[in-house]
Amino acid sequence: MAKLLPPMGLALFTICAVSTNALALDSRTISQIKKLMPVDQLDQRCDIEAMDRLQADKVISYTFSHPKRTAVHVDADGAVFRRNGNWYRLSYACTTSPDHLSIVAFTFKRGAIIAHKDWTRYYLYP
């Protein structure tokens, strides 16, 4: 069973991994993704795609429930994203290429804003 990256590790990687084009990754991001375990490559690539499409500065795939994965697909029904200092619920389905560098399919549904009073309970931060 795959282990989730610690939140701080995800935060540091995500800061480095923001791409300017949802269809292409820069060489630095590719290099960082290739250093990860395959399941983490999948998660990070899909989180980057979600960040690009939502214009978010952070995506966490496991806040409300654990994502369901195959080798190249993740369903993250309990995800969240942060934009403009607010956290929102998110559900997404993401399929990557076998090397996890290209997005084959991506769909998402934005959810409700998460009240600031609930952030601590869900380990969210400003």
Exercise: identify the closest heavy-atom pair between [X] and [Y]:
X     : Y      : answer
Thr96 : Val104 : C-CG2, 3.6 Å
Arg45 : Ser102 : NE-N, 4.4 Å
Pro98 : Val72  : CA-CG1, 3.8 Å
Glu49 : Ile103 : OE1-CG1, 3.4 Å

Can you list the steps and then say if Leu124 with Asp118 is a side-chain contact (heavy atoms from CB on, under 4.5 Å)? CA-CA 8 Å; Leu124 303 175; Asp118 295 328; over 6 Å; no
When you compare the side chain of [Y] with that of [X], does any pair of heavy atoms fall below 4.5 Å?
X      : Y      : value
Thr95  : Phe106 : no
Ser61  : Tyr92  : yes
Arg121 : Trp119 : no
Leu36  : Gln44  : yes
Ile60  : Thr63  : yes
Val80  : Leu90  : no
Arg89  : Phe64  : yes
Asp57  : Met51  : no

Answer with yes or no after comparing the ring centroid distance for Tyr125 and Trp87 against a 6.0 Å cut-off, counting only values under it. yes
Quick one: do Leu42 and Met37 end up in the same hydrophobic cluster if we chain Ile, Leu, Val, Met, Phe, Trp and Tyr together by side-chain heavy atoms under 4.5 Å apart? no
Is it possible for you to say whether Tyr88 and Tyr123 belong to one hydrophobic cluster, with membership spreading through side-chain heavy-atom contacts below 4.5 Å? no
For Asp43 and Arg69: C-alpha separation, side-chain torsions, deciding distance, then whether salt bridge (charged side-chain N to carboxylate O under 4.0 Å, His left out) applies. CA-CA 9 Å; Asp43 286 346; Arg69 297 178 188 85; 2.8 Å; yes
With a 4.0 Å cut-off on N to O distance, would you call Asp75 and Lys68 a salt bridge? no
Would you say Asn84 has more than 12 foreign heavy atoms packed within less than 6.0 Å of its CG? no
Decide yes or no on side-chain contact (heavy atoms from CB on, under 4.5 Å) for Arg53 and Phe108, but give the supporting numbers first. CA-CA 9 Å; Arg53 291 187 186 219; Phe108 68 95; 4.2 Å; yes
Is there a donor-acceptor pair under 3.5 Å between the side chain of Arg82 and the backbone N or O of Pro126? yes
Using a 3.5 Å distance criterion without hydrogens, assess whether the side chain of Gln41 forms a donor-acceptor pair with backbone atoms of His100. no
Atom OG of Ser31 and atom CG of Leu25: how far apart are they, to the nearest 0.5 Å? 11.5 Å
Give the intermediate values and the outcome of side chain to side chain donor-acceptor pair (under 3.5 Å) for residues Ser91 and Asp77. CA-CA 4 Å; Ser91 175; Asp77 293 330; 3.0 Å; yes
